[in-house]
Undergrad: 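This is the structure I have questions about; it appears just below.
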Amino acid sequence: MHAIKFGTEVRQYVRIQVVGKDRVGKTSLVRRLLFLEKGEYGGKSTDGIDISRKCQIRNSDGDWIVGEVDRKRKIIERIQRALNKQRRTEEPVSDMSPPLPPKENNSLQNSRNMPKNQSKEKSFETKTLETNEGAQTLNNEVQYTKSTYDPVAALYANSDENKLYMRATKEKPENNDFNLRKETSVSIAVPAENLNDVISEKDDLTAKMIVEKMNDIIWEAKTEKEKNTSEALIECGIWDFAGQRDYYASHQTFFTPHAIYLLVADISEDIKDINYDGNVDYNSIGNYIEFWFDSIHCLCKDLSEDELCPPIIMVCTGTDKVEKDKDWKRMYNEKVSTIISKQKRADHRRGIYFISNTHFLEEDIEEIKRLRAHISEIAKKMKYFAETVPTRWIQLENVLGVLKGVNKNNVCSFKTIQQLADRMSVEEEELLLFLDYQHKIGNIIFFNEIREYIILQPEWLVKCFRCLVCDSNADKRDFNVICPTAFEKLTTTGELPDKLVDQLFQKEPDLNFKAYKAHLLNVMEKFDIVIKPTFRDTSNKACHISNSYYLPCMIEKPSPYTSIRNAFIQNNADVAITPWLVFEFEFLPLAYFNHILFHYIRHFEVCIESIDKSEKKAIYSGKAVFFLDEFRKFIICFSHNAISLQIWEWGGVNEDTHDIYENVLNTLRNAIESIRENLSHDIPYTIKAKCRTGDYFNKAGRKSLMELPMKNIYMCEEHQQTHPKKEIEHVWLKHDVKILKLPEKEGEAKEQGENKRQKGDEERNKNVKILKLPEKDGEASKLAEEQQQKRDEEWNKNDMYEKKPGQNGLVLIVNFPFRDHRENRLGSEIDVQNLTHFFKEELNYQVECTTHDMTRLGLQNYLKKFATTYLEENSKDYHSFICVLMSHGNMDGISTTDKYITIEEIKQIFKNHPGGQFSG
């Protein structure tokens, strides 16, 4: 059928994700959305994720149509729309055209009918599922063909002459119109010589089922061609996420920017002032609201819009539990706004609704209807997440549907799908695009990086995850088969031995877990849920890879920092403790904690603490201790919107220490940048430090390089006393230079820079007039010498700088990435990298750098502070100074975040500082 093979269609699908704290009524809300007054629910809380696909949204008026969705009917309607689209672009053809006489022995096309580029290809032969001769058949057959065309080019080119036939016998229909049947051919065939290799008896039966099902669909689409298909119903999937924190690590697998989020909160829980301790605990509903807004904000791809995506609708339940005074809704709304409005994340919000999940009053039903209509309105505004895809993908969807129905398969190998797609002339590249799209709309779970298996039923993966990752509620664990001591060890140390894995999966015996155990654990490793660490004991000598997986998110009891430190240091006075290095984020989702922790577990050896002859792996809830080198260990701690690191040094400090500090800082920074890139998340952060005796989770006392005063001391707000500035500046903050990972190949950075300069020179030379050089020998060089001599005579010797022993050059690089702007400069980081490398490695300059977006006044203050510190107080240390400012700009000046600043204004800041050695 031409309309299927060569057309395109607009696919629409609405995905709704329901999130929030546990026991706030998320599951009840889903039932109310689907069934209104009949949606009462008094069951258990969600275990993992529940997925409902019983809803469609009518495009014309936004009404919700609830009930089982007839997948076959949906495909028929899509084919009918494709046929209607084709008819509108073609001349009318009579349905009474006489049938062509059948040809003999034409199951293979004659070679002279093939294109020249096909004549040398391998021959194909017919694979007949039901014995019947004749390529052109009458009423009892539908032909499935394969052609040798390019699958992408075939969308726009007709290659019917290349068809080779694979037929499936069908019961004779009542309609005897030959031309109708003739048009219903689609492609499936295999190379003759590979036939026995790729088609087992089971595969052959599956292929036959695929052919027969597609045959039925096409026949019904053709016979019902006069049926009105103008009323479009958009499929809708509702994902109900469990609210217990134990699940949050696995929830990230199913989060997507292509969805509408409903954030549910219980209005009876008071929104208190948000306080955080070192255990990253959530003590109020306000903590959860902030957490979910931050997590969803990470999925945002464009921060320049006034309304950010994904959209978030707040739904406040429990209205029957509170006293309703005159302004109760407004007051609650203001409390929510206070929590989220301080940052850009507030722009995800699309409204707030108040309902009761236990009362079925008319006002509650009307509020649910308004919520439905608002969801439909948002979905329509977003064009129902529409994407244009090839109509030939309908055949691939049919393949998935059959595979899901065969013995209720949950998992299918990629090789099986690839072989079936190959029979339809779908190349691997197109197949991967199709699978990615099906993953996006939640129809399957597929990861290109680990493509061995395709998870046909997302619910199956949900059940697998919740076998391992869930709370210890007796209703969710079968403690009759679980070893109590092994489970206790899991919740205290995170250790997940292989035997315990098998025991936990007995909770869901229908999962057929053993058959896919390795792949499932690979998926969980990919998403930083489980890992096998490398451990090193306290002697710093023995090192081994764990035989068990570790599941850090299951560690329940927090371990205080002081007890961990005392377990390793044990009052040893010869141990030096560095100040805290703190990466402070505007917002930091809980999933990032796992990603950073797992990054360190993969790249460093985990220490083992020894207390009273007992040993314990140094992985804790939100903390871990790692081996840095023979004389050093370091601890990394996670707190609200911050990652903190501290080094413990045995044997004092040597001359190489500061290089180690710089490497540690850049290792953490590069890890964060790598995660940001992989997840496509733009999460701003500031590098800070605080005194060694301070609490890592306490914001008070943290200082960035820009926040340090000019004096040699600074005020620590946590201890309400002054500390030496050198303590935090020389250990950490002076290394706050934005350096990305250099190219691995030697000389690659220089080559990239040279190519860039050469291209720039070529562009400039297009508009430059080339002067003709003097023709006589030596005339050019003589002229150049005279000009140089004249410049030397005019040179003011008072402006010459003399380089003294021990002096270095100083360069300041100020880069504006404009992270929150439409015209951002995030790619400029490679220029910062190259400049830093050039000045530091090639010219031996001291490099100071900042990559923070600043206002005009902020930039002026920063430059003044820099000039005072470096060009007055420490000017004797430098023989020259260079300032590099990287930003947008025009004739009015250089862009800051609010106004322009001119070059002259910048020069005046550095010029003729009293006491300095620079004349400017």
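Computed from a predicted structure; not experimentally measured.
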Undergrad: Just verifying a value: how many Å separate Glu662 CD and Lys734 NZ, rounded to the nearest 0.5 Å?
TA: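 Spacing of CD (Glu662) from NZ (Lys734) equals 8.5 Å.
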Undergrad: Please determine, by modelled atom types, if Thr491 and Glu556 share a side-chain donor-acceptor pair under 3.5 angstrom.
TA: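 Short answer, no.
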Undergrad: Return yes when atom NZ of Lys699 has more than 12 non-hydrogen atoms of other residues, nucleotides or ligands closer than 6.0 Å, and no otherwise.
TA: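 No.
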Undergrad: Is Met715 close to Thr722 at the side-chain level, that is, under 4.5 Å between some pair of heavy atoms?
TA: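 They are in side-chain contact.
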Undergrad: Keeping the roles fixed (side chain from Lys690, backbone from Asp695), state whether a donor-acceptor pair exists under 3.5 Å.
TA: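 Side chain of Lys690 to backbone of Asp695: a pair is present.
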Undergrad: Got Leu859 and Thr897 here, is their nearest side-chain heavy-atom distance under 4.5 Å?
TA: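 Counting from C-beta outward, Leu859 and Thr897 never come under 4.5 Å.
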Undergrad: Can you confirm whether more than 12 heavy atoms, excluding those of Lys526, are under 6.0 Å from its NZ atom?
TA: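 Atom NZ in Lys526 is crowded, with more than 12 foreign heavy atoms closer than 6.0 Å.
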Undergrad: Checking the side chain of Gln720 only, and the main-chain atoms of Glu717 only, is there a donor and an acceptor separated by less than 3.5 Å?
TA: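 It does hold such a pair.
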Undergrad: To the nearest 0.5 angstrom, please state how far the CD1 atom of Ile608 sits from the NZ atom of Lys616.
TA: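 Between Ile608 CD1 and Lys616 NZ, I get 12.5 Å after rounding to 0.5 Å.
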Undergrad: Spell out, as yes or no, whether a donor-acceptor pair under 3.5 Å connects the side chain of Thr868 to the backbone of Lys864.
TA: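 Such a contact is found between Thr868 side chain and Lys864 backbone.
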Undergrad: Within 45 degrees of the axis of the six-membered ring of Phe535 and under 6.0 Å from its centre: does Lys617 put its NZ or CZ there?
TA: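 The answer is yes, since Lys617 meets both limits relative to Phe535.
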Undergrad: Does Lys532 make a cation-pi contact with Tyr549 (under 6.0 Å, within 45 degrees of the axis)?
TA: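 Verdict for Tyr549: a cation-pi partner in Lys532.
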Undergrad: Any side-chain heavy atom of Glu673 sitting closer than 4.5 Å to one from Tyr685?
TA: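 When only atoms from C-beta onward are counted, Tyr685 and Glu673 do touch, with a gap below 4.5 Å.
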Undergrad: Look only at the side chain of Thr855 and the backbone of Gly858, and say whether a donor-acceptor pair between them is shorter than 3.5 Å.
TA: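 Yes, the answer is positive, given that a donor and an acceptor are paired below the 3.5 Å cut-off.
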Undergrad: Indicate the ring-plane relationship of His723 and Tyr714, choosing parallel, tilted or perpendicular according to the 30° and 60° boundaries.
TA: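 His723 vs Tyr714 ring planes: perpendicular.
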Undergrad: Taking C-beta and beyond as the side chain, do Leu496 and Ser548 meet within less than 4.5 Å on heavy atoms?
TA: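 When only atoms from C-beta onward are counted, Ser548 and Leu496 do not touch, as no gap falls below 4.5 Å.
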Undergrad: Going through the distances and angles, do Glu707 and Lys865 end up as a salt bridge (charged side-chain N to carboxylate O under 4.0 Å, His left out)?
TA: CA-CA 10 Å; Glu707 293 170 336; Lys865 181 179 177 181; over 6 Å; no
Undergrad: Can you say whether the rings of Phe568 and Trp648 are parallel (under 30°), tilted (30 to 60°) or perpendicular (over 60°)?
TA: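 Judged by the thresholds at 30° and 60°, the geometry between Phe568 and Trp648 is tilted.
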Undergrad: Could you check if a side-chain atom of Tyr550 sits within less than 4.5 angstrom of a side-chain atom of Val606, using non-hydrogen atoms only?
TA: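 No, too far: nothing below the 4.5 Å cut-off.
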Undergrad: For the atom pair CD (Glu649) and OH (Tyr661), what is the distance rounded to the nearest 0.5 Å?
TA: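 So the CD of Glu649 and the OH of Tyr661 are separated by 3.5 Å.
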Undergrad: Has the side chain of Arg692 got a donor or acceptor atom that lies under 3.5 Å from a matching backbone atom of Ile577?
TA: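 Pair found, side chain donor or acceptor close to backbone of Ile577.
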Undergrad: Parallel, tilted or perpendicular: which describes the rings of His348 and His297, with under 30° parallel and over 60° perpendicular?
TA: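 Geometry flag for His297 against His348: perpendicular rings.
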Undergrad: Taking C-beta and beyond as the side chain, do Leu885 and Phe816 meet within less than 4.5 Å on heavy atoms?
TA: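 Yes; the side chains approach each other to less than 4.5 Å.
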Undergrad: Going by the ring-ring contact (aromatic ring centres under 6.0 Å, His included) test, name the single residue among Phe634, Phe598, Phe627 that passes it with Phe604.
TA: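 So, applying the ring-ring contact (aromatic ring centres under 6.0 Å, His included) to Phe604 and each of Phe634, Phe598, Phe627, only Phe634 qualifies.
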Undergrad: Run the side chain to side chain donor-acceptor pair (under 3.5 Å) check on Tyr561 and Gln646 step by step: do they pass?
TA: CA-CA 11 Å; Tyr561 160 78; Gln646 187 180 66; 2.5 Å; yes
Undergrad: Roughly how far, to the nearest 0.5 Å, is the CE atom of Met854 from the CG atom of Leu863?
TA: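 If we round to the nearest 0.5 Å, Leu863:CG and Met854:CE are 7.0 Å apart.
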Undergrad: How are the rings of Phe255 and Trp292 set relative to one another: parallel (under 30°), tilted (30 to 60°) or perpendicular (over 60°)?
TA: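 Judged by the thresholds at 30° and 60°, the geometry between Phe255 and Trp292 is tilted.
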Undergrad: Would you say the side chains of Glu269 and Tyr288 form a donor-acceptor pair under 3.5 Å?
TA: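 Tyr288 and Glu269 do not have a side-chain donor-acceptor pair below 3.5 Å.
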Undergrad: Measure the CG-CG distance between Leu504 and Leu490 for me, rounded to the nearest 0.5 Å.
TA: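 Going from the CG atom of Leu504 to the CG atom of Leu490 covers 7.0 Å.
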Undergrad: Could you please spell out the steps behind the salt bridge (charged side-chain N to carboxylate O under 4.0 Å, His left out) verdict for Asp853 and Arg825?
TA: CA-CA 11 Å; Asp853 293 323; Arg825 302 179 60 257; over 6 Å; no
Undergrad: As an exercise, state the distance from CG of Leu733 to OG of Ser704, rounded to the nearest 0.5 Å.
TA: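 Going from the CG atom of Leu733 to the OG atom of Ser704 covers 7.5 Å.
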Undergrad: For residues Thr836 and Val811, determine if any side-chain heavy atom of one lies less than 4.5 Å from a side-chain heavy atom of the other.
TA: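 Side chain of Thr836 against side chain of Val811, heavy atoms only: no contact under 4.5 Å found.
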Undergrad: Test Arg702 against Glu718 for salt bridge (charged side-chain N to carboxylate O under 4.0 Å, His left out), laying out the working first.
TA: CA-CA 9 Å; Arg702 295 177 186 169; Glu718 180 179 357; over 6 Å; no
Undergrad: Donor-acceptor pair, distance only, cut-off 3.5 Å: does the side chain of Lys726 make one with the backbone of Asn712?
TA: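 Looks like no, no N/O pair under 3.5 Å.
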Undergrad: Would you kindly check if the NZ (Lys) or CZ (Arg) of Lys688 is within the cone defined by 45 degrees around the ring axis of Trp580 and under 6.0 Å from the six-membered ring centre?
TA: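 Output no; distance or angle outside limits.
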Undergrad: Answer whether the closest heavy-atom distance between the side chains of Thr693 and His719 falls below 4.5 Å.
TA: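 Thr693 vs His719: side chains touch.
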